[in-house]
Amino acid sequence: MSGPPTVLVTGGAGFIGSHTCVELLDHGYEVVVVDDYSNSSPGALERVVKVAGRPPAAVHEIDLLDRRALGEVFEQHSFDAVVHFAAKKAVGESVEIPAEYYDINVGGTTALLRTMREHGVHRLVFSSSCSVYGNATKVPLTEHDPARPTNPYATSKWLCERVIGDICRRLPEFSVLALRYFNPVGAHPSGLLGEVPPGVPNNVMPYLAQVASGRLVKLRVFGDDYPTPDGTGVRDYLHVMDVAEGHRVALEHLDDERGLRVFNLGTGQGTSVLELAAAFGRACGAPIPYEITGRRPGDVAALVADTSAVARAWGWTATRDLAAMCEDAWRFQELNPSGYPN
Ligand code: WQD
């Protein structure tokens, strides 16, 4: 008799990975995590257990590029599907150390695909990024708009999509969903799980949270001369709980078709930096101090998802609004001012 489906989650201790583990555990899946904790900590998985009320079936501390260790994980479990988050994701860093980004992001993905094939596992949900669209000439963006990645991080995700697409064309037993997330933010509503960036945050939401808590003095708004309504950058912020739910729903739709299918995960709503700061101020009960500074190199004016493809294919849309994103991010910040205990 077959038990509940078993899913391998790579990068399961990371921001999106940990929330997805909870979502899968909450929906009866058996979850096996691999993570090398290079940008996360075992503390996140302790919180996963606390929130979900039950642990993953196993946690393996391995590097995906260690193919022998990865093979052993596949020997020990019988996976129905893989959700692949493990990757490096800092845009600025990717410009400094591009070879590492290609090695880890593309090499990790090919190592995984090769190992999956060797063990007869052909169902994958792949973590892609809206950054593959690069300098968009219009919003909202559909999956048919051209990819024009502008940094090694984005290029590495685009290359992964290309490689996966080619593998799927040659090996028709594979079913892969690549999800291009827009800007995942927020935290689990319990306040137990959230985003723990190392050092000073690069991304605006954890930065706002640290300004609100007094750890940072003020938000630097990177440019107010963009061709957007208030001149500041516009993004499609998306609650991490919706991202996690999107992965669970994706798993349910892996068998709709063979081959690679690509979907945006966003809300379809654009929010400027000033609008986000104002929303965060409402969530934390005090206005966020900010100053306008110059543009950040490599930034683009606006990235907003056209979400109609995923809505049509799965009948699914993100449901949590900007207020919930800010309130949950703020709750996590207040309850965990220094991140996870280890
Ligand atoms: C958002 C907006 C900034 C910080 C990146 C990746 C993308 C994705 C999410 C990754 C921009 C402005 C920011 C600050 C600011 N996924 N900003 N002050 O650059 O849209 O996307 O993260 O894994 O792939 O590229 O996100 O949060 O850095 O910036 O004014 O201190 O906030 O200019 O307009 P970004 P972000």
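The figures that follow rest on heavy atoms only: side chains count, while hydrogens, waters and symmetry mates do not. Remember, it's 1-based here, ligands and their atoms both numbered in the order they're listed.
- Residues Asp224 and Thr232 have side chains that never bring a donor and an acceptor to within less than 3.5 angstrom of each other.
- Here atom 26 (O) of ligand 1 lies nearest to Asn183 when heavy atoms of Asn183, Thr232, Asn202 are compared.
- Atom numbering of ligand 1 starts at 1 in the shown order; those under 4.0 Å from a heavy atom of Val221 are 30 (O).
- Remark: minimum distance from atom 1 (C) of ligand 1 to any protein heavy atom is reached at Tyr237 OH, 3.4 Å.
- In this structure, Arg248 fails the cation-pi test against Tyr29, since its NZ or CZ atom is not both closer than 6.0 Å to the six-membered ring centre and inside 45 degrees of the ring normal.
- In terms of N/O distances under 3.5 Å, ligand 1 is not approached by Tyr207.
- Between His253 and Trp314, the ring-plane angle classifies as parallel under the 30° and 60° cut-offs.
- Looking at atom 20 (O) of ligand 1, its nearest protein heavy atom turns out to be Arg235 NE, 2.5 Å.
- Nearest protein neighbour of atom 25 (O) of ligand 1, counting heavy atoms only, is Val91 CG2, 3.2 Å.
- Other residues, nucleotides and ligands contribute over 12 non-hydrogen atoms within 6.0 Å of the CZ atom of Arg54.
- Ligand 1 lies within reach of Tyr153, whose nearest heavy atom is under 4.0 Å from it.
- When each of Thr109, Asn105, Asn151 is checked for a side chain to side chain donor-acceptor pair (under 3.5 Å) with Ser156, only Asn105 meets the rule.
- Side chain to side chain, Asn336 and Arg47 meet the donor-acceptor criterion of an N or O pair below 3.5 Å.
- Checked against a 3.5 angstrom limit, the closest N/O atoms of Phe182 and ligand 1 fall outside it.
- Protein heavy atom at the shortest distance from atom 13 (C) of ligand 1 is Val204 CB, 3.5 Å.
- For Trp316 and Glu245, the side-chain atoms include at least one donor-acceptor pair closer than 3.5 Å.
- For atom 33 (O) of ligand 1, the closest non-hydrogen atom of the protein is Asp299 OD2, 2.5 Å.
- Residue contacts with ligand 1, taken as heavy atom pairs separated by less than 4.0 Å, do not involve Met205 at all.
- Nearest non-hydrogen protein atom to atom 18 (N) of ligand 1 is Arg220 O, 2.7 Å.
- Of all protein heavy atoms, the one lying nearest to atom 5 (C) of ligand 1 is Asn203 ND2, 3.7 Å.
- The nearest heavy-atom contact from the protein to atom 29 (O) of ligand 1 is Arg296 NH2, 3.4 Å.
- Here Lys88 pairs with Glu93 in a salt bridge; the nearest charged N to carboxylate O distance falls below 4.0 Å.
- Counting heavy atoms under 4.0 Å from ligand 1, residue Val273 touches it through the side chain alone.
- Residue contact check: Ser131 has heavy atoms under 4.0 Å from atoms 24 (O) of ligand 1.
- Side-chain N/O atoms of Ser127 and Tyr181 include a donor and acceptor closer than 3.5 Å.
- Geometric assessment of Arg180 against the ring of Tyr133 yields a positive cation-pi assignment under the 6.0 Å and 45° thresholds.
- Near Ser129, with a cut-off below 4.0 Å to any heavy atom, the atoms of ligand 1 are 24 (O).
- Ring orientation note: the planes of Phe74 and His119 are tilted relative to one another, at an angle of 30° to 60°.
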